[in-house]
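We use all heavy atoms of the structure for the numbers below, so side chains are in, but hydrogens, waters and symmetry mates are not. Position 1 is the first residue of the sequence; numbering continues from there. Both counts, for ligands and for their atoms, begin at 1 and track the order of listing.
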Amino acid sequence: MNNHAPLIHCHGVTKRFGSGDAAVLALRGADLEVLAGELLLLVGPSGCGKTTLLSIIGAMLDRDAGDCEVMGRDPRDMNATERAEFRSSSLGFVFQSFNLLQTLTAADNVAVPLLIAGERRRRAELRADELLDDVGLSGRRDSLPAQLSGGQQQRVAIARALAREPPLILCDEPTSNLDHETGLEMFELLRRATRPAGRALVVATHDTRIFAFADRIARMEDGRILEVVDRNGMTGNGG
Ligand SMILES: Nc1ncnc2c1ncn2[C@@H]1O[C@H](COP(=O)(O)OP(=O)(O)OP(=O)(O)O)[C@@H](O)[C@H]1O
Ligand SMILES: [Mg+2]
């Protein structure tokens, strides 16, 4: 295997919500490294801190203590404008609830990040069509989210996350609303879209069926990463 510099480096990250008796220590010293080109699964019981850690990595939430570098930058050092720019240019997000804009067609949902980035409408539309084609939805470009199945909406969300070709994609429970077959399809799609481009993919999930797609699996419990298992090392399958 190649030696990659870590794209994400977290060490001793802590996060507390609330105060006094109501305080919840969501992260209690989480350590995580994510390498370019890998698919890392973040697994662990509900409430162990997966979404909190992804939110800190994605500059959506500030940590209390510890170190965190994402692509060489500390999210905590960025002001609001820099965060927004960092999120839209360097990160792709795929959420459990898809977060599609309900009044826009599939193609327009995918084109939005490109238009925000200043791309001309015509070019953004062409690129959106290509991306929808890649996720097997070229026939549904004019459909509204409500006219699409859960799996199809999730594919639109993936196309949108890939639109600006971000080096890092963060997914929070992307398959939990999907049936088995659609969930597996989703992962094959993410894998195909990310591996050749050397993009890193971090996926928080309860879904044991998708373990086979991971390079490494980080087991989280009670606000910490307990162990990271290298599936490539175990199976000898370097992909
Ligand atoms: N905004 C918040 N305010 C207060 N407590 C919170 C907040 N967000 C998360 N928590 C608490 O922090 C802990 C970690 O939550 P988090 O959402 O990171 O868990 P998770 O591993 O993503 O769980 P799940 O698998 O259910 O999505 C939980 O105890 C949760 O209740
Ligand atoms: Mg969560």
For ligand 1, which atoms sit closer than 4.0 Å to a heavy atom of [X]?
| X | value |
| --- | --- |
| His206 | 25 (O) |
| Thr51 | 17 (O), 18 (O), 20 (P), 22 (O), 27 (O) |
| Glu173 | 25 (O) |

Exercise for review: Return yes when at least one protein heavy atom is under 4.0 Å from atom 28 (C) of ligand 1, and no when none is.
Suggested key: yes
Check your understanding: Do you see a protein non-hydrogen atom under 4.0 Å from atom 10 (N) of ligand 1?
Key -> yes
Tell me which protein heavy atom sits closest to [atom], plus the residue, atom name and distance to 0.1 Å.
| atom | value |
| --- | --- |
| atom 6 (C) of ligand 1 | Phe17 CD1, 3.2 Å |
| atom 26 (O) of ligand 1 | Ser46 OG, 2.5 Å |
| atom 23 (O) of ligand 1 | Gly47 N, 2.8 Å |
| atom 30 (C) of ligand 1 | Val24 CG1, 4.6 Å |
| atom 15 (O) of ligand 1 | Thr52 OG1, 3.7 Å |

Below 4.0 angstrom, N of the basic side chain to O of the carboxylate: do [X] and [Y] qualify?
| X | Y | answer |
| --- | --- | --- |
| Glu38 | Arg216 | yes |
| Arg141 | Asp133 | no |
| Arg122 | Glu125 | yes |

Within one Ile-Leu-Val-Met-Phe-Trp-Tyr cluster: [X] and [Y], side-chain cutoff 4.5 Å:
| X | Y | answer |
| --- | --- | --- |
| Val94 | Leu101 | no |
| Phe93 | Val203 | no |
| Ile57 | Val228 | yes |

Study note, to complete from the structure: Shortest non-hydrogen pair, Gln147 vs Arg140, comes out as O-NH2, 3.1 Å
**Study point:** Nearest heavy atoms of Leu137 and Gln152, plus distance in Å
**Key:** CD1-O, 3.4 Å
Can you find an N/O atom of [X] closer than 3.5 Å to an N/O atom of ligand 1?
| X | result |
| --- | --- |
| Ala26 | no |
| Cys48 | yes |
| Gly49 | yes |

Check your understanding: Hey, is the Mg ion (ligand 2) within less than 2.8 Å of some N/O/S atom on Ser46?
Key -> no
Point to revise | Point-to-point distance, once rounded to the nearest 0.5 Å, from CZ of Phe95 to CG of Leu100 | key: 11.5 Å
